[in-house]
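Notes for the one structure printed next.
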Amino acid sequence: MAPALTALNRCFVLGMWLLVTAGTAFSQEVQAENVTVVEGGTAEISCNLHQYDGSIVVIQNPVRQTLFFNGTRALKDTRFQLVEFTQKEVKIHLSDAKLDDEGGYFCQLYTEDTHHQIATLTVLVPPDNPLVEVKEQAVEGGEIELTCISPRTKPAATLRWYRDRKELKGFTSKQENIKTFSITNSIRFKVDRKDDRDIVTCEASHPALKGQKKQTQYELDVQFSPTANIQPSQSLVRDGDELNLKCEVTGNPRPTEIIWTRLNDSLSERAQIQGDLLSFPSLSLQDNGTYSCQVSNKHGRSSDQYVLVVYDPGAIIEAQTQVPYAVIGGILALLVFLVICILIVMVWCSVRQKGSYLTHEASGLDEHGEAREAFINGGENHKRKEEFFI
């Protein structure tokens, strides 16, 4: 029994191998490759034929409608065009590809047996330039929330925020809409008046863009209280000169009204007001005083003051000639200081040299006394005479 079972097993294995080989051969009669196209582009669908003997070739769309029957159009959709029909290949073009065109396209060869392969068409939907929405008006000292939106992509696009070439981390959400996706990325950060007019960028990346990016730049709009600063056209003025005082204003929203006043007095009839400019065509001593400009917006108010002093011509010339005398006085003071330093050094050196001389003189006298005493002692003791030279 054992040899009989072994023979049967061998026959079974051989039969299965033949079936698999035949199936492979049948499937190799027709070959097709998957295709990816960008929405609105042109897709090329090819069916490669092997050992074609003139049998019937049928191309069908994903819903099994026949597009071409042996090279003859069967469906009245002019977006499909037969561009090649040979013994080795059948090739069709699909223009203006849409999401509804996605799916498997059947390449069928009818011989004694039916052979077919499926070419899967994938349609990509790239993002447009992203949209940027702001939740509410930003105010100095508060926060701003920005949302970047890519409403329709396939597959889902990737959104990133950048400011000064640095990425800002945000919160991303994704919503599926049948065959496409809607993507959002939101960021939130504190703002100050220095942030007004700064640029932040939302960037979208997608496989259909082939390494390129879609960007949208947003200019920050940060509202803040105003500031005022008066700038004169010249600092020293005299009787008869022309003077313009300009009130330089900042603020968002920018103040639309600038109020010029004179402290404890009214503006002279000669003064002319043109918005942020207060002009004096010909000054007089009566124009002396303190002038102020005031501005405001819905976030606050600000003012600045300028004290106007009009000199007569003689006072102006005298004030201008004081500058050289001040310079000369400074130079003379420096010279006197240097002379005093030199005298101090000379006196110190002289005193030190004199002290050294007296010390040496005293030392010489001591040596002379010792020599004299030795001479006397030598005479009394009748010792040998010793001479000392000083």
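Along the sequence shown, the residues carry numbers beginning at 1. All values reported here derive from a predicted model rather than from experimental measurement.
A donor-acceptor pair under 3.5 Å links the side-chain atoms of Asn34 to the main chain of Thr120, judged by distance alone. Side-chain atoms of Asn297 come within 3.5 Å of backbone atoms of His299 as a donor-acceptor pair (strictly under, hydrogens ignored). Using modelled atom types, one side-chain atom of Asp53 and one backbone atom of Ser55 make a donor-acceptor pair closer than 3.5 Å. Checked by atom type and distance alone, the side chain of Ser296 never pairs as donor or acceptor with a backbone atom of Gly300 at under 3.5 Å. Checking side-chain atoms of Asp198 against main-chain N and O of Leu220 turns up no donor-acceptor pair under 3.5 Å. Looking only at distances, a side-chain donor or acceptor of Gln137 sits under 3.5 Å from a matching main-chain atom of Asp221.
Other residues, nucleotides and ligands place no more than 12 heavy atoms under 6.0 Å from the CD atom of Gln87. Annotation for Glu33: atom CD does not count as buried by contact number, only 12 or fewer foreign heavy atoms lying within 6.0 Å. Surrounding NZ of Lys246 are at most 12 heavy atoms belonging to other residues, nucleotides or ligands under 6.0 Å away. The number of heavy-atom neighbours closer than 6.0 Å to CD of Gln286, taken from other residues, nucleotides and ligands shown, is 12 or below. For NZ of Lys213, the number of neighbouring non-hydrogen atoms (other residues, nucleotides, ligands) closer than 6.0 Å is greater than 12. Within 6.0 Å of CG on Leu338 lie more than 12 heavy atoms contributed by other residues, nucleotides or ligands.
Defined by atom type and a distance below 3.5 Å, a donor-acceptor pair is present between the side-chain atoms of Ser279 and Asn244. Between the side chains of Glu203 and Gln215, at least one donor N or O lies within less than 3.5 Å of an accepting N or O. When only modelled atom types and interatomic distance are considered, Arg193 and Thr250 share no side-chain donor-acceptor pair under 3.5 Å.
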Using salt bridge (charged side-chain N to carboxylate O under 4.0 Å, His left out), reason through Asp128 and Lys214 one step at a time and then give a plain yes or no.
CA-CA 7 Å; Asp128 294 326; Lys214 292 284 189 177; 5.7 Å; no
Are Glu29 and His116 close enough, and set up right, to give a side chain to side chain contact (heavy atoms under 4.5 Å, CB included), and what steps lead you there?
CA-CA 8 Å; Glu29 293 294 329; His116 74 272; over 6 Å; no
Where do Arg79 and Asp101 land on the salt bridge (charged side-chain N to carboxylate O under 4.0 Å, His left out) test, with the steps shown first?
CA-CA 11 Å; Arg79 295 183 304 131; Asp101 297 323; 2.8 Å; yes
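A salt bridge does not link Glu39 to Lys179: none of the charged nitrogens lies less than 4.0 Å from a carboxylate oxygen. A salt bridge is absent between Glu140 and Lys194: the closest approach of a Lys/Arg side-chain nitrogen to an acidic carboxylate oxygen does not fall below 4.0 angstrom. Ionic pairing of Asp195 and Lys190 is not present here: no N-O contact between side-chain nitrogen and carboxylate oxygen is shorter than 4.0 angstrom. For the pair Lys98 and Asp100, the salt-bridge criterion is not met [side-chain N within less than 4.0 Å of a carboxylate O]. Using a cutoff of 4.0 Å between basic side-chain nitrogens and carboxylate oxygens, Asp312 and Arg238 are not scored as salt-bridged. Residues Asp287 and Arg270 are paired through a salt bridge, judged by an N-O separation under 4.0 Å between the basic side chain and the carboxylate. A salt bridge is defined here as a Lys NZ or Arg NE, NH1 or NH2 lying under 4.0 Å from an Asp or Glu carboxylate O, and Arg188 with Glu145 meets this definition.
Counting heavy atoms from C-beta on, the side chains of Thr184 and Thr172 never come closer than 4.5 Å. A 4.5 Å side-chain heavy-atom check between Leu332 and Phe337 finds every atom pair outside the cut-off. Between Cys202 and Tyr218 the shortest side-chain heavy-atom distance does not fall below 4.5 Å. Between Gln234 and Asp241 the shortest side-chain heavy-atom distance falls below 4.5 Å. At a threshold of 4.5 Å between non-hydrogen side-chain atoms, the residues His206 and Pro155 count as touching. The side-chain heavy atoms of Cys107 and Ile59, taken from C-beta on, include a pair separated by under 4.5 Å. Contact annotation: the side chain of Phe106 never approaches that of Val30 to less than 4.5 Å [non-hydrogen atoms, C-beta and beyond]. Side-chain contact check for Leu243 versus Leu308: some heavy-atom pair is nearer than 4.5 Å.
Distance CG/Leu121 to CG/Asn61: 11.0 Å, rounded to 0.5 Å. Note: Asp77 CG to Leu67 CG = 8.0 Å, rounded to the nearest 0.5 Å. Note that the NE2 atom of His115 and the NE2 atom of His50 stand 12.0 Å from one another [nearest 0.5 Å].
Residue Tyr291 is tested with Tyr306, Phe280, Trp260 for a ring-ring contact (aromatic ring centres under 6.0 Å, His included); the sole match is Phe280.
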